[in-house]
Amino acid sequence: MADSSLDHSIARAVARQLHPLLGALAQPPGESPLSVGEIAELLAPPPNRDLGDLAFPCFKLARAFRKGPPLIAKAIAEALEPRLAAGEAPPVAAATPTGPYLNLRLDLGQAAALLLPGAARGELLEPGKRPAEGDEAKPRVMIEYSQPNTHKAFHVGHMRNLCLGDALVRLLRADGSEVIAANYFGDVGAHIAKCLWWYLDRLDDAGRQPPGDHRGEWLGKIYTRAHNQLAQWEEEAKAGDDGAAYWLAEAKARTTEILLKLEHRDPELTAIWEQTRQWSLDEFAEIYRWCGVSFDHLFYESEVDGEGLRMVEEYLERGLFVVSEGAVGIFNEEIKHMPFFLLRKGDGTSLYSTKDLALARLKFEKFAIDRSIYVVDVRQSDHFRHVFRTLEKMGFPQASACEHVGYEMVELPEGPMSGRKGTVILFRALRERMTDHVRSAYLERFRGEWSDEAIDETAASVALGAIKYGMLARDINQKIVFDMDAWLDLEGNTGPYLQYVHARASSILRKCAEVGKELDPAVLLGGEATSAATAALGEDQERELILLLDTLWPTVHNAAQTLRPSSLCTYLYNLAKAFNRFNQACPVKPSEGALLQGRLLLVSAVIRGLAQGLDLLGIPAPDRM
RNA sequence: GCGUCCGUGGCUCAGUUGGAUAGAGCAUCGGGCUUCGAACCCGAGGGUCGCAGGUUCGAGUCCUGCCGGGCGCACCA
């Protein structure tokens with residue numbers, strides 16, 4: 001159990017006041033039908049702040065109390081009354097039954113004194129200092145995400161996966177899991193053969209000379225050219241063009257040859273594969289660095305390819321897998337609309353699915369994970385249902401701990417993006433346009449005042465914030481229509497709005513410090529100095545901010561449990577908005593004495609809460625911008 | 001056809017897992033910088049939550065059926 005002295009939660013403090021009353025009022029009296037944690041979860045702000053600060057809905061108590069919710073609300077209010085009159089139910093100051101709700105008015109100073117010192121010390125999300133931290137062993141979970149193909153370009157669609165996966169890694173760690181962040185590169189397959197065919201056969205020595213940087217992107221363009229040419233020939237051949245049919249057949253024979261040579265580790269071709277593959281990997285690494293994303297383990301399709309085929313062979317012999325039309329697969333009749341799952345092609349080569357079996361076993365056995373999360377776009381839902389079902393039938397108990405987080409696609413206004421068709425916006429284009437825009441529209445005015453490096457660094461942080469927030473703020477089952485101009489508009493509900501609040505709040509502390517107004521360290525200790533400071537807080541905007549800060553941890557916990565970073569985005573946006581209202585109405589620097597200390601404490605708490613929340617989304621929080 | 005997701009102000013989306021009078025951003029109109037930073041704040045207009053039933057004290061939320069749209073349906077990854 002957590003040490004209650006480290007429990008900063010206002011809602012839990014209120015719940016502790018209600019808890020014994022619920023036991024006493026139950027019919028017959030006895031144990032409270034709801035735990036402190038359950039009561040705290042039910043407490044929510046009423047629709048109208050005139051009604052109170054927190055409302056306790058009594059519906060769930062109807063059975064245990066053997067009466068209707070309105071009577072229950074009334075009964076709890078009456079039982080609480082003597083203690084309220086004596087001032088013995090902090091932080092509750094008043095309780096008013098309103099229909100089925102018990103509306104609670106808090107002593108804001110007492111409530112703030114509970115929450116703010118810990119919040120300002122940055123402890124709201126610290127393991128062991130959070131409410132309801134249990135003793136159970138940390139689950140070991142692997143999150144696999146990003147998974148780009150080498151020899152192809154990295155575009156804005158890939159960015160949604162990266163942002164989502166990274167945020168989940170951070171959220172689950174904050175929520176108490178031991179997380180292994182994993183990537184899985186697609187470094188084998190037909191796309192490689194197409195790319196190398198063009199690279200080797202269609203380019204001269206000069207054309208094969210890669211540029212100094214962004215070689216992965218350059219390679220991706222070669223792949224696109226190869227793909228487009230093949231698609232064109234295919235179309236022309238269908239229309240009866242014999243020349244095109246000839247060239248298509250030639251090219252197909254060549255890509256098959258390349259594929260086979262690679263499979264048999266032909267020395268010359270393998271060397272070229274390794275070099276070109278590295279160009280892509282280098283480019284990805286540079287992107288990950290810019291995005292502040294890091295992985296604990298890197299998987300490659302090339303390392304599970306052969307093992308997957310061996311597993312298919314083994315389970316074919318055991319009779320679990322069957323031959324169908326020359327290919328090998330399994331019947332998962334539970335998946336009624338498409339029961340057959342193909343695991344090996346008719347020509348004996350492997351598929352995406354083949355490798356997924358070997359990859360899963362590698363994860364289970366080498367990493368001893370309790371839970372396995374796959375972040376892959378929603379089109380793969382059926383694929384993963386089959387993979388997990390197949391693993392279960394193969395006898396892997398961990399199959400039940402596998403989850404697919406399927407997110408919707410990023411599209412362009414004119415329709416779906418297609419890497420193959422080349423109708424994509426490369427991530428680098430977005431990054432550069434965003435960074436330039438941030439610099440020229442907002443940061444140029446600091447030129448001379450700040451160093452050039454500071455301006456560049458801040459521009460990158462804000463650009464990253466805009467991109468990541470844009471990718472994360474939407475629920476995963478909503479598609480994102482990517483419109484460059486709309487993304488460059490950084491006002492309203494955007495990443496920079498949140499970052500701006502952090503910067504302005506930080507600026508308030510700096511400006512106050514310049515005139516000798518600093519937070520008294522004693523105010524952070526939770527004693528009398530704290531009470532004196534928080535007792536001075538009472539404006540509506542302060543009240544709103546404090547109550548909102550109290551829900552940071554429950555929001556993070558919920559976002560982690562449901563694997564939905566978007567809910568944290570919404571919360572942080574509301575927190576930032578509440579701060580802006582406070583900032584408009586409650587000047588800090590002109591304040592004096594206890595009010596100054598109270599507001600400095602509140603501002604410090606917001607800074608920490610915002611910075612920590614943004615960090616869980618992988619978004620930097622600059623001190624100035 | 002089967003499966004799956006989506007449908008909420010003009011546009012883009014939230015909606016605390018079934019709770020009180022459905023909220024934001026953008027856009028439009030109006031107001032606020034001589035005071036800690038205007039990437040901001042305040043106000044106004046704009047909604048039968050796709051349609052029809054059902055479940056119950058109570059439905060944007062759950063169930064059924066329609067309508068409209070996206071995506072997936074074996075030798076690509």
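Hydrogens, waters and symmetry mates play no part in the numbers below; they use all other heavy atoms, side chains included. Just so it is clear: chains get the letters A, B, ... in the order the sequence lines come, proteins before strands, and each one is counted from 1.
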Within the 4.0 Å heavy-atom criterion, would you say [X] contacts the bases, only the backbone, or no part of the nucleic acid?
X      : result
A/L596 : nothing
A/N574 : nothing
A/K577 : sugar-phosphate
A/P496 : base
A/Y497 : sugar-phosphate
A/G186 : nothing
A/T562 : base
A/T555 : nothing
A/A55  : base
A/M409 : nothing

Donor-acceptor pair (no angle test) under 3.5 Å: [X] side chain, [N] base:
X      : N      : answer
A/S566 : B/rA14 : no
A/N493 : B/rC26 : no
A/N103 : B/rA20 : yes
A/S507 : B/rG37 : yes
A/Q147 : B/rA77 : no

Can you tell me which nucleotide in [options] comes closest to the side chain of [X]?
X      : options                : result
A/V462 : B/rC6, B/rA77, B/rA39  : B/rA39
A/E491 : B/rA20, B/rC26, B/rC5  : B/rC26
A/D382 : B/rC5, B/rU16, B/rG72  : B/rG72
A/R581 : B/rC5, B/rC41, B/rA77  : B/rC41
A/E325 : B/rA77, B/rA74, B/rU21 : B/rA74
A/Q584 : B/rC40, B/rG25, B/rA39 : B/rC40
A/N580 : B/rC40, B/rA39, B/rC13 : B/rC40
A/R445 : B/rG3, B/rA39, B/rC75  : B/rA39
A/K511 : B/rC36, B/rG72, B/rC75 : B/rC36
A/A327 : B/rA20, B/rC75, B/rC26 : B/rC75

Could you work out the separation of [N] and [M] based on their [atom1] atoms and round it to a whole Å?
N      : M      : atom1 : result
B/rC67 : B/rG53 : C1'   : 15 Å
B/rU17 : B/rC13 : P     : 24 Å
B/rU4  : B/rA14 : C1'   : 23 Å
B/rA44 : B/rG50 : P     : 26 Å
B/rA22 : B/rA59 : P     : 13 Å
B/rU12 : B/rA27 : P     : 15 Å

> How far apart are the C-alpha atoms of A/F388 and A/N332, what are their side-chain angles, what is the distance that settles it, and do they pass the side-chain contact (heavy atoms from CB on, under 4.5 Å) test?
Replying inline: CA-CA 10 Å; A/F388 301 157; A/N332 290 321; over 6 Å; no
> Does OP1 or OP2 of B/rC71 have a side-chain N or O of A/R379 closer than 4.0 Å?
Replying inline: no
> A/R504 side chain N/O closer than 4.0 Å to the phosphate oxygens (OP1, OP2) of B/rC40?
Replying inline: no
> Would you call A/E542-A/R599 a salt bridge at under 4.0 Å N-O?
Replying inline: yes
> Below 4.0 angstrom, N of the basic side chain to O of the carboxylate: do A/E444 and A/R447 qualify?
Replying inline: yes
>> When you compare the side chains of A/D305 and A/Y300, does any donor N or O come within less than 3.5 Å of an acceptor on the partner?
In response: no
> Hey, which of these two, A/V588 or A/F56, hits RNA chain B nearer its 5' end, going by closest nucleotide?
Replying inline: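 Residue closer to the 5' terminus by nearest nucleotide: A/F56.
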>> Which is more 5' along RNA chain B, the nucleotide nearest A/T349 or the one nearest A/P416? Just name the residue.
In response: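 The residue closer to the strand's 5' end, by nearest nucleotide, is A/P416.
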>> Could you check whether A/H386 and A/H383 have their ring centres less than 6.0 Å apart?
In response: no
> With a 6.0 Å cut-off on ring centres, are A/F579 and A/F582 close enough?
Replying inline: yes
>> Does the structure show a Watson-Crick or G-U wobble partner for B/rG10, both distances under 3.5 Å? Name it, or say none.
In response: B/rC26
>> Between the base of B/rA74 and the ring of A/F341 - centre-to-centre under 5.5 Å, planes within under 30° - is that a stack?
In response: no
> Under the rule syn = chi within 90° of 0, otherwise anti, which is B/rU17?
Replying inline: syn
